[in-house]
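Okay, so here's the structure we're looking at.
FYI, side chains are in, hydrogens and waters are out, and symmetry mates aren't considered; it's all heavy atoms of this structure. Chain A is the first sequence line, chain B the second, and so forth, proteins listed ahead of strands; every chain is numbered from 1.
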Number of protein chains: 2
Amino acid sequence: MAEEKEAKNPVQSAERIFQVMEMLAENGEMGLMEISAALGLHKSTVHRLLMSLIYMGYAKQDEGSQKYMLTCKVVSMSGKILERMDILQIARPYLERLSDLSGETVHLVQREGNNILYVYKIEAKVGTIRMVSHVGMVHPMYCSGVGKAIMATLPEREVRAIWDGSEIERHTDKTIVDYDRLQRELSEVRRDGYALDDEENEKGVRCIAACLYGYKKEVTHAFSISGPTSRMTRERVRELAVDVKKVQEELSREIGYYK
Amino acid sequence: MAEEKEAKNPVQSAERIFQVMEMLAENGEMGLMEISAALGLHKSTVHRLLMSLIYMGYAKQDEGSQKYMLTCKVVSMSGKILERMDILQIARPYLERLSDLSGETVHLVQREGNNILYVYKIEAKVGTIRMVSHVGMVHPMYCSGVGKAIMATLPEREVRAIWDGSEIERHTDKTIVDYDRLQRELSEVRRDGYALDDEENEKGVRCIAACLYGYKKEVTHAFSISGPTSRMTRERVRELAVDVKKVQEELSREIGYYK
DNA sequence: GCATACCGTTCCATATTATGAAACTTTTTG
DNA sequence: CAAAAAGTTTCATAATATGGAACGGTATGC
């Protein structure tokens with residue numbers, strides 16, 4: 001009988017308060033009973049937690065519907081976190097250069113376990129098609145150019161762990177759904193120095209990505225240029241690859257990576 | 001002896017947890033004792049709160065320095081909040097149109113008491129000068145074009161209240177620092193239908209702004225085009241005013257405002 | 001190189017705080 | 001208009017957070 005001393009949150013009410021917040025962030029406006037039922041907490045408890053959130057300015061109650069929702073106070077906190085993020089501040093001008101010369105959407109992402117988190121986005125300067133991505137969005141690694149760019153720097157067993165830890169979902173008919181193909185593609189990424197996402201994630205969207213070396217021992221960040229297949233022809237991607245690799249090199253060097 | 005039954009937070013530890021988070025968001029990496037001293041809480045208490053934040057994924061501890069900092073988990077929460085914000089989703093294409101035709105920085109802001117909060121920003125498509133603004137940033141109303149656009153819709157006593165509730169700070173030699181001038185400018189805004197910020201907030205930056213009608217009874221949102229004085233000449237501003245007012249009208253109508 | 005001071009961490013008895021049942025009020029629904 | 005559901009308030013009780021104290025590690029100063 002293995003005595004598992006499982007780690008537990010030392011502050012119960014903190015845990016519950018964030019459960020409520022996450023619930024509201026996920027579902028938008030909710031009623032008290034709805035939250036109570038979803039979390040399995042007594043309505044009296046939920047009410048108290050909500051009053052606390054309102055008191056602190058993180059939530060509010062709609063006067064008409066009486067439903068609860070989050071305010072923008074965490075948006076403000078989020079902004080401060082991003083402004084303090086040194087890698088973002090350093091990368092920004094480089095990414096803007098990529099945006100200027102391609103006119104396409106540019107992203108900077110950060111690894112979070114088996115997923116990547118979008119921390120910066122520059123909207124396309126041409127065309128009217130908008131990508132669904134947005135700052136704060138979390139996405140699986142295995143089906144994104146940036147994710148593959150990061151995975152390509154990891155030893156096989158870690159790649160395997162990410163694969164096993166991800167829920168493999170087919171988004172388009174080109175989505176990678178078997179591990180062998182992922183491995184083959186990662187070798188190509190290592191060979192070429194950049195990663196491609198050829199409509200694997202979103203129909204009609206092609207993307208070229210590269211990672212950033214030198215921030216931590218393990219690679220944690222990557223960036224990409226994405227656009228509609230109409231403009232992002234295979235040929236154009238090959239052209240952009242030159243710029244992407246150049247930015248990768250310069251930026252990695254500025255961050256502190258040599259060779 | 002007026003028995004003031006001041007409202008208090010019904011969940012003490014929630015209050016403290018957010019005090020810790022806000023502290024870290026404001027100051028970045030901090031040591032345990034530093035937080036403890038700043039908040040006047042016992043180090044043991046702060047430690048427990050931090051362990052809770054780490055457990056939930058909102059904070060982490062640097063292995064080297066042992067200092068604590070926030071992770072990007074609230075960035076993710078923030079992203080979800082913004083994606084649910086209907087007015088932002090509706091306004092986005094209109095603001096992009098303004099961005100396309102001007103090439104300058106475009107903002108959408110939301111009133112938060114005496115301040116405005118930036119909820120959306122489109123970077124300038126021309127030039128290399130970057131504005132310091134960012135999504136999540138909070139700014140006083142009295143010294144911004146968007147702020148004046150909103151204030152111009154309020155009755156005098158509310159304007160007065162905002163003025164009194166703001167810390168008047170001179171940012172440039174053109175910053176409004178007396179109430180009479182603010183009032184005069186607000187009359188102009190009412191007359192013209194748009195607000196100007198002529199280097200009042202940031203040296204070398206001119207901005208034209210208008211509010212959005214129809215979302216709530218009170219006006220809560222405004223948008224703007226900003227750029228360096230070199231490109232944003234008085235004449236160009238007059239030209240852009242036409243587009244700004246057009247977007248104001250169309251957008252207000254789409255939101256649900258008639259006449 | 002040793003002593004001291006400082007920081008971070010852990011433990012624990014105690015007092016405070018959060019809890020949830022129940023009662024009450026308001027709103028919605030049939 | 002009645003009944004049900006949602007939201008709010010109260011309160012005794014149980015559980016939780018609290019902070020003093022002590023421990024261990026690391027940096028600082030002599």
Side-chain angles (χ1 to χ4, degrees), chain A residues 3-71, chain B residues 3-71 216-217:
Chain A
E3 182 103 27
E4 280 274 350
K5 185 183 68 189
E6 66 197 71
K8 97 177 217 300
N9 194 325
V11 185
Q12 191 191 61
S13 41
E15 171 132 43
R16 292 178 167 184
I17 265 244
F18 279 97
Q19 282 173 357
V20 171
M21 287 184 84
E22 284 166 19
M23 182 114 269
L24 288 172
E26 207 59 56
N27 304 346
E29 275 201 346
M30 288 178 90
L32 176 64
M33 292 306 284
E34 208 178 340
I35 302 170
S36 163
L39 296 177
L41 294 174
H42 197 277
K43 63 175 176 171
S44 174
T45 303
V46 174
H47 185 259
R48 191 157 9 84
L49 296 172
L50 286 166
M51 295 315 273
S52 179
L53 283 173
I54 290 172
Y55 175 85
M56 298 184 292
Y58 288 94
K60 64 185 171 193
Q61 184 172 26
D62 187 281
E63 289 145 35
S65 67
Q66 282 193 110
K67 293 197 171 207
Y68 295 91
M69 66 195 113
L70 296 179
T71 65
Chain B
E3 182 102 26
E4 280 274 349
K5 185 182 66 188
E6 66 199 72
K8 98 177 216 301
N9 195 324
V11 186
Q12 191 193 60
S13 41
E15 170 133 43
R16 292 177 167 185
I17 270 256
F18 280 97
Q19 281 172 358
V20 170
M21 288 185 83
E22 286 167 18
M23 182 114 269
L24 288 172
E26 207 60 55
N27 304 348
E29 275 202 345
M30 288 179 88
L32 176 65
M33 292 305 284
E34 207 178 342
I35 302 170
S36 165
L39 296 175
L41 294 173
H42 196 277
K43 63 175 176 171
S44 174
T45 303
V46 175
H47 185 259
R48 191 157 9 84
L49 296 172
L50 286 166
M51 293 315 274
S52 179
L53 283 172
I54 291 172
Y55 175 85
M56 298 183 294
Y58 288 95
K60 65 185 171 194
Q61 183 172 26
D62 188 282
E63 290 145 35
S65 68
Q66 281 193 114
K67 293 197 171 206
Y68 295 92
M69 67 195 111
L70 295 178
T71 66
K216 294 272 168 66
K217 266 149 282 169

Full working for side-chain contact (heavy atoms from CB on, under 4.5 Å) between Y68(A) and M23(A): CA-CA 11 Å; Y68(A) 295 91; M23(A) 182 114 269; over 6 Å; no
Worked check of side-chain contact (heavy atoms from CB on, under 4.5 Å) between Q61(A) and K67(A): CA-CA 6 Å; Q61(A) 184 172 26; K67(A) 293 197 171 207; over 6 Å; no
Check: F18(A) ring centre within less than 6.0 Å of F18(B) ring centre: yes
Neighbours of DNA chain D within residues 11-40 of chain B, by heavy-atom distance under 4.0 Å: Q12(B), R16(B)
Any donor-acceptor N/O pair, N9(A) side chain to Q12(A) backbone, under 3.5 Å: no
Value rounded to 0.5 Å, distance of CD in E22(A) from CG in N27(A): 11.5 Å
Verdict with reasoning, S52(B) to E15(A), per side-chain contact (heavy atoms from CB on, under 4.5 Å): CA-CA 8 Å; S52(B) 179; E15(A) 171 132 43; 5.7 Å; no
Atom pair CG (L49(B)) and CD1 (I54(B)), whose distance is rounded to the nearest 0.5 Å: 11.0 Å
Value in whole Å for how far the P atom of dT9(C) lies from OH of Y55(B): 18 Å
Verdict with reasoning, Q19(B) to R16(B), per side-chain contact (heavy atoms from CB on, under 4.5 Å): CA-CA 5 Å; Q19(B) 281 172 358; R16(B) 292 177 167 185; 4.3 Å; yes
Separation of atom CE in M51(B) from atom P in dC11(C), rounded to whole Å: 11 Å
Interatomic spacing from CE in M69(B) to CG in L24(B) - rounded to 0.5 Å: 9.5 Å
Under-4.0 Å side-chain N/O to phosphate OP1/OP2 contact, Y68(A) with dT8(D): yes
Stretch residues 41-50 of chain A: residues that reach within less than 4.0 Å of DNA chain C through a heavy atom: H42(A), S44(A), T45(A), R48(A)
For atom CG of N9(B) and atom C1' of dT16(C), their distance in whole Å: 15 Å
Between the protein and nucleotides 26-29 of chain C, which nitrogen or oxygen pairs are less than 3.5 angstrom apart?
none

Check: T71(A) side chain, G57(A) main-chain N or O, donor-acceptor pair, under 3.5 Å: yes
